[in-house]
Amino acid sequence: MPRREEAGIVMTQAAEPAESVETLRTGFNGEIILPGDPGYDAHRAHFNKVYDKHPAVIIRPVGTADVVAAVRYARSAGLEIAVSSGGKHGSGFSRTDGGAVIDLSLMRGVHVDPDARTAWLQGGANGGDLQAEAQVHGLAGVIGWMRGTAVGGVNLHGGFGMLTSKLGFGVDTILELELVTADGQVSRVTNESDPELFWALRGAAANFGIVTWVKQRLTPVPPEIVAGQLLYSAEHAPAVLSGLDAYAAQVSEDLTVFGSYTVVPHDPDYPEEMHGRPALLLTVVHIGDADQAADDLKPLREKHPPAVDQVASMGLYDFICSMDAYIVAGRQWYDTVELGRLDEPAISALERGAEALAATGLEGELIVVPYGRGRPETVPSAVTTGRAGTTSIVTGVYWQEPEDDARAEGWSTQVLSELRETGRVVDSVYGNMANPVDPERDRRSYGEENWNRLRALKAKYDPENLFHLNHNIPPAG
Ligand SMILES: Cc1cc2nc3c(=O)[nH]c(=O)nc-3n(C[C@H](O)[C@H](O)[C@H](O)COP(=O)(O)OP(=O)(O)OC[C@H]3O[C@@H](n4cnc5c(N)ncnc54)[C@H](O)[C@@H]3O)c2cc1C
């Protein structure tokens with residue numbers, strides 16, 4: 001059974017999990033699932049079917065005390081630890097072969113303080129949990145565009161969401177955290193209590209422990225917002241893309257927009273002549289009033305009349321639910337680059353990428369996220385993406401059969417290498433969307449000074465690299 005020693009980590013001698021886990025059961029309030037137990041296969045399964053791992057034990061805490069017990073147990077048993085919040089990271093970090101999965105999916109509590117316009121989220125709470133609770137009070141927060149990604153992954157390491165133009169990434173809205181470290185200690189971390197750790201946790205939390213509670217800022221939203229999709233044909237897509245970063249920078253901060261260069265499905269909702277052809281889907285959310293939304297969308301609609309206009313009034317929670325329709329179950333690959341400029345050479349590379357995707361016959365998309373005026377970083381975080389004027393490009397490819405693995409990844413590699421050849425790619429990488437595990441790329445993304453700051457903190461809080469299933473920061477020394 002592979003244990004932590006395989007990752008170059010010191011371990012203590014321990015009994016096999018089935019036997020040693022009995023020590024964990026005493027006083028544990030959550031669930032402990034072993035191979036052969038009902039639910040083992042359902043809970044070991046990963047969202048991305050590329051991964052088929054068999055943990056020695058799946059531990060499902062219901063609160064901070066359970067997380068402390070789980071960390072202490074796994075450490076003393078010498079088991080590799082995988083932490084799962086929403087379990088969606090494309091690298092499969094949340095599962096382990098032969099180790100312990102600490103699965104936070106029973107920890108989805110959200111408590112909104114309507115007067116302070118804040119919410120406390122448990123470490124496994126997801127986008128649906130937050131927006132459903134916030135809307136009861138006429139509020140909303142930043143936490144991705146779909147219900148299933150959770151605060152532990154998406155917001156602690158970035159978090160591009162429906163209110164990003166106004167509030168920044170999820171990480172920028174975090175005010176306070178509760179953390180369980182490798183030694184099983186619990187601490188509350190704020191910018192006042194420990195600015196260095198607060199900086200590091202907001203961007204690289206997975207390296208420093210398990211965050212059990214997060215306090216986030218919320219903002220008022222009307223009961224009906226304006227949201228939906230505009231679809232442009234392949235012929236019009238380059239013109240729309242060429243003005244997209246300037247548009248995102250100038251339009252009111254109530255509007256957040258991103259694009260997906262994709263291949264139109266054979267679906268009667270779309271014009272037949274577009275079926276099977278590349279097209280650009282713009283997704284917009286406007287949280288101001290309806291008149292302001294119409295004004296803000298006018299330049300898009302008048303200058304570039306879409307082939308299909310599905311933007312309408314609806315509740316923000318209804319909109320996040322509707323976005324789940326875009327999830328494709330099965331095997332997946334994600335990778336990303338950030339562009340300093342979204343101009344002609346980069347747009348041509350994207351056009352070729354979309355044509356190449358159509359030729360593969362696989363489902364996929366080239367996600368284009370223009371950061372416009374950039375993230376308002378009042379309190380610095382370790383996240384490096386999302387600066388003013390930059391644009392993230394994400395390759396997402398979805399398929400079913402293992403024999404297509406190489407073709408799917410090959411398409412992504414080819415598109416990103418053509419983008420690099422344009423000279424527009426900058427060093428920052430959005431780790432939430434990066435499947436490849438590449439410490440040198442992470443180091444360049446953080447920059448030498450911040451990489452060394454993170455390594456020093458890692459040596460202080462997790463010198464044995466107990467938490468290494470992540471975009472890993474090696475302890476200094
Ligand atoms: C369908 C889909 C939609 C997506 N949409 C968006 C989007 O709209 N915006 C966006 O920015 N990104 C999006 N992403 C990317 C997303 O940000 C990452 O996949 C993210 O890791 C998902 O969070 P999770 O909680 O599901 O991750 P998990 O796979 O559970 O965890 C990811 C990493 O975080 C660590 N971790 C998890 N919980 C904790 C915790 N409580 N404390 C410390 N470390 C923890 C894990 O160890 C792991 O290394 C999407 C991905 C998918 C698959």
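Just follow the structure's listing: the first ligand is 1, and inside any ligand the first atom is 1. Residue indices begin at 1 and follow the sequence shown.
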Any residue meeting side-chain hydrogen bond (donor to acceptor under 3.5 Å, both in side chains) with Asn435, in chain and number order, not counting sequence neighbours | none
With sequence neighbours left out, the residues meeting side-chain hydrogen bond (donor to acceptor under 3.5 Å, both in side chains) with Thr390 are Glu338
Can you pull the residues with any heavy atom under 4.0 Å from ligand 1?
-> Phe47, Val83, Ser84, Ser85, Gly86, Gly87, Lys88, His89, Phe93, Ser94, Leu104, Gly123, Gly144, Trp145, Met146, Thr149, Ala150, Gly152, Gly153, Val154, Leu156, His157, Gly159, Phe160, Ala206, Gly209, Ile210, Val211, Tyr334, Tyr430, Asn432, Met433, Leu469, Asn470
Test: Arg375 cationic atom under 6.0 Å from Phe169 six-membered ring centre, within 45° of axis = yes
Are Arg331 and Asp404 ion-paired here, with the side-chain N under 4.0 Å from a carboxylate O?
-> no
Leu357 meets the side chain to side chain contact (heavy atoms under 4.5 Å, CB included) criterion, sequence neighbours left out, with Val263, Thr360, Trp411
Describe, in one word, how the ring planes of Phe258 and Trp145 are oriented to each other, choosing from parallel (under 30°), tilted (30 to 60°) and perpendicular (over 60°).
-> perpendicular
